[in-house]
Amino acid sequence: MNDNTINPSSESTPQNFINEIIDEHLRTNKYEGRVNTRFPPEPNGYLHIGHAKSICLNFGLAKQYNGTCNLRFDDTNPTKEEVEYVDSIKEDINWLGFNWGKTEYYASDYFAQLYDWAEQLILAGKAYVCELNAEQIRAYRGTLTEPGKESPYRNRSVEENLDLFRRMKAGEFTDGSKTLRAKIDMASPNVNMRDPVMYRILHQEHHRTGATWNIYPMYDWAHGQSDSIEKITHSICTLEFENHRPLYDWFVEQLGIHHPLQIEFARLNLSYTVMSKRKLLQLVEDGFVKSWDDPRMPTISGLRRRGYTPESIRAFTDKIGVARRDNVIDVALLENCIREDLNKKALRRMAVLNPVRVIIDNYTEGLIEELDAVNNPEDTNAGSRKIEFSRELFIEHDDFMENPVSQFHRLSPGKEVRLRYAYIIKCNSIEKDADGNITAIHCEFDPETKSGTGTSKKKVKGTIHWVSAHNAVSVEVNLYDRLFSVEDPQGDKVIDWKEFINKESLITLPACKVEPALKDAAAGDKFQFERLGYFCVDKDSKPGSPVFNRTVTLRDSWAKIEKKNG
RNA sequence: UGCCGGGUCGUCUAACGGUAGGACAGCGGCCUUUGGAGCCGUAUGCGGAGGUUCGAAUCCUCCCCCGGCAGCCA
């Protein structure tokens, strides 16, 4: 490479140890300079943010090196897999912005080839039909510190093995009565090499092959060969498969077929959540959340519904890097990514979550003024809009304090505050009901302080948002927060992880007041409610009555002050 | 106790024998008609002990700690 040559993708794309391996392969012309990866989900659940890391890695590498990335469904276990999951996985990958080309690959497409290879191993004396039951197999496997024992069926003749295996395939035997096992080494220090099961009998309909098969390949038998069939060069997976690599290597070597290189990386862990499919399934099934795409879930569909953008998730996966050490990413980084993206894109609107009525006593009754409001100060192309101002408004309950602390810069008795895009007002009195709740705040406005006129010499510390009462639209808002109240819900040996579920992870406010422009917002539309946070329209909203989901709050330095003051 | 892997700011992640840098979080400040955004500044780190070397996060030795593995799951 000459000095002027710059890898076009090397500037923006973060480098990691996998790039180094691939660069070395390219230098030595291993795999004829090809880079072919794959993303191989099992269709037994919804994809989560951890999968997003893998998706961005695999598709990203393909893009970076002008290679390909196959989407392959590892559908070798018909008892757990469903078409629903296949569809959701495709939708999520697409949404994330990746394209797998015309072909969708399925491990189930290789069942016949895998079967032939199994016979080949039997013929070579490298596989045998075992009649030990599951419990016995476990007992014979030995322990982590003790070698296993050889199965009594280990030394059958090739003819007998072939006959039995063909009859397994033909459906002559009951589930669990026999397995096909690789004949490797029962004393191997790597338990994966202790005659692993290759096939189990399962009289079960498969979502794609129907009732064709009575035996199904184990993942360990299917995965490496599937990669090999697809001529994958770099088979990237998570660390827990590291101990399986010698087995995958053994299979492809016995078969004499293309040998992909498996590279393992550390899976993503996120603070304040759980990531395993099993636990996510449990959250759904036990009703802790409403669905797989509940906005509190770390699933891709949940994040989407929460208001995350594909760009923000891709930026996140870039920032967390790829390495082999265990990691727990601070969820604050994810939140930072969506704020950063939405700050640039989201239109600003005013919304009052916990409304309290303000009456401007010296403002002409019935008068309505149109004021200019900027749609996005970060994006001049977003333009501006007109908002209507009148004598009665709603402001945020929290923006008024009857007995203000010293650092409180908003409305309080006798004090002034600016209404965003409008006037400076001063609080003169308050009305309360019998229970002492504030029902109205009486103010006067200063006509000289109209926003944008520059006629005011007044300076006030605070600016608050508001919605005019005469045309405010009432909407439902879901305030979402972290699903767990502790960083590591699984970190306690005694207390069950579900005990740490944040009971305030969802607060629904049925009657928030928003400006009329928001009435016809469509599902998925994203906004910044000024001073509050980013919100998006829930997908189940009815036309004309949007339900808003809070994606994330704005950074809140007031909250910090409050916290510091106890 | 077997095998495999891993330990760099609070959390992630760079450095590939030559000044330990970046991001997020934190703290302090500036600015502000969003207590937003932005800007500036700042503290904190090579698990430990030896060794090789002019020079070690990087190479060697020993130790300590953490993770994964005993499904007819993937």
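As the structure is a prediction and not an experimental result, all values here were calculated from the model. Proteins come first, then strands; the chains are lettered A, B, ... in the order of their sequence lines, and each starts at number 1.
The separation of B/rG7 from B/rU13, taken at their C1' atoms, amounts to 14 Å, rounded to a whole angstrom. Nucleotides B/rG50 and B/rG55 place their P atoms 15 Å apart, quoted to the nearest Å. A gap of 13 Å separates the P atoms of B/rC39 and B/rA25, to the nearest Å. B/rC46 sits 12 Å from B/rA20 when the P atoms are compared, rounded to a whole Å. Here the separation of B/rC59 from B/rC65, taken at their C1' atoms, is 23 Å to the nearest Å. Comparing the same atom, C1', in B/rA43 and in B/rG5 gives a spacing of 34 Å after rounding to whole Å. Distance check on atom P: B/rG67 versus B/rU8 gives 14 Å, rounded to whole Å. B/rU44 sits 14 Å from B/rG22 when the P atoms are compared, rounded to a whole Å.
A side-chain N or O of A/Y128 and one of A/D195 form a donor-acceptor pair less than 3.5 Å apart.
Distances were taken from every side-chain heavy atom of A/F408 (C-beta onward) to each of B/rA23, B/rA70, B/rG35; the shortest belongs to B/rG35.
Note on A/N243: a base of the nucleic acid sits closer than 4.0 angstrom, heavy atoms only. Among the atoms of the strands shown, base atoms are found under 4.0 Å from some heavy atom of A/P377. Among the protein residues, A/T463 comes within range of the sugar-phosphate backbone only, with heavy atoms under 4.0 Å from sugar or phosphate atoms but none that close to a base. If you check every strand for non-hydrogen atoms under 4.0 Å, A/R410 touches a base. Contact annotation for A/N133: base contact, defined as any heavy-atom pair under 4.0 Å involving a base atom. In this structure, A/L371 reaches neither bases nor backbone, as no heavy-atom distance under 4.0 Å exists between it and the strands shown. Nucleic acid contact class of A/A134 (heavy atoms, under 4.0 Å, all strands): base. Nucleic acid contact for A/E42: sugar-phosphate only, since backbone atoms but no base atoms lie under 4.0 Å from a heavy atom of the residue. As judged by a 4.0 angstrom heavy-atom cut-off over every strand, A/I320 is placed among residues touching the sugar-phosphate backbone only.
Salt-bridge check for A/K345 with A/D341: passed, with a basic side-chain N closer than 4.0 Å to an acidic carboxylate O.
One interatomic measurement links the two molecules: CG of A/L334 to P of B/rA25, which rounds to 12 Å at whole-angstrom precision. Atom pair A/N19:CG and B/rA14:C1' shows a separation of 13 Å (rounding to whole Å applied). Rounded to an integer number of Å, the gap from A/L270 CG to B/rA25 P is 15 Å. In this structure, A/R339 places its CZ atom 8 Å from P of B/rA37, rounding to the nearest Å. The separation between A/E530 atom CD and B/rU34 atom P is 8 Å, rounded to whole Å. Rounded to a whole Å, the CG atom of A/L532 is 13 Å from the P atom of B/rG36. If you measure from atom NZ of A/K277 to atom P of B/rG71, you get 20 Å, rounded to the nearest angstrom.
Remark: A/R141 is in phosphate contact with B/rC72, judged by side-chain N or O atoms under 4.0 Å from OP1 or OP2. Here A/R555 does not reach the OP1 or OP2 of B/rG35: none of its side-chain N or O atoms lies under 4.0 Å away. Considering only side-chain N and O atoms, A/K560 lies nowhere under 4.0 angstrom from the phosphate OP1 or OP2 of B/rG28. OP1 or OP2 of B/rU13 sits under 4.0 Å from a side-chain N or O of A/R325. A close approach under 4.0 Å does occur between a side-chain nitrogen or oxygen of A/R200 and OP1 or OP2 of B/rC73. Contact annotation: A/T76 reaches the phosphate of B/rA74 (side-chain N/O to OP1 or OP2, under 4.0 Å). In this model, the phosphate group of B/rG36 is approached by a side-chain N or O of A/S557 to a distance below 4.0 Å at OP1 or OP2.
Taking the centre and axis of the six-membered ring of A/W250, the NZ or CZ atom of A/R245 falls outside the cone set by 45° and 6.0 Å.
In this structure, the side chain of A/H203 engages the main chain of A/F173 through a donor-acceptor pair within 3.5 Å. With hydrogens and angles ignored, the 3.5 Å screen pairs no side-chain donor or acceptor of A/S384 with any backbone N or O of A/N375.
In this model, no side-chain donor or acceptor of A/R531 finds a partner on the base of B/rU34 within 3.5 Å. Scanning atom types as modelled, no donor and acceptor separated by under 3.5 angstrom connect the side chain of A/E242 and the base of B/rG67.
For residues 132-146 of chain A, the set of pairs meeting the salt bridge (charged side-chain N to carboxylate O under 4.0 Å, His left out) definition, not counting sequence neighbours, is empty.
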Next item on the list: For salt bridge (charged side-chain N to carboxylate O under 4.0 Å, His left out), just list the numbers for A/R324 and A/E242, CA-CA rounded to whole Å, side-chain angles, deciding distance to a tenth of an Å, and then say yes or no.
Entry: CA-CA 11 Å; A/R324 287 174 67 88; A/E242 194 169 8; 2.6 Å; yes
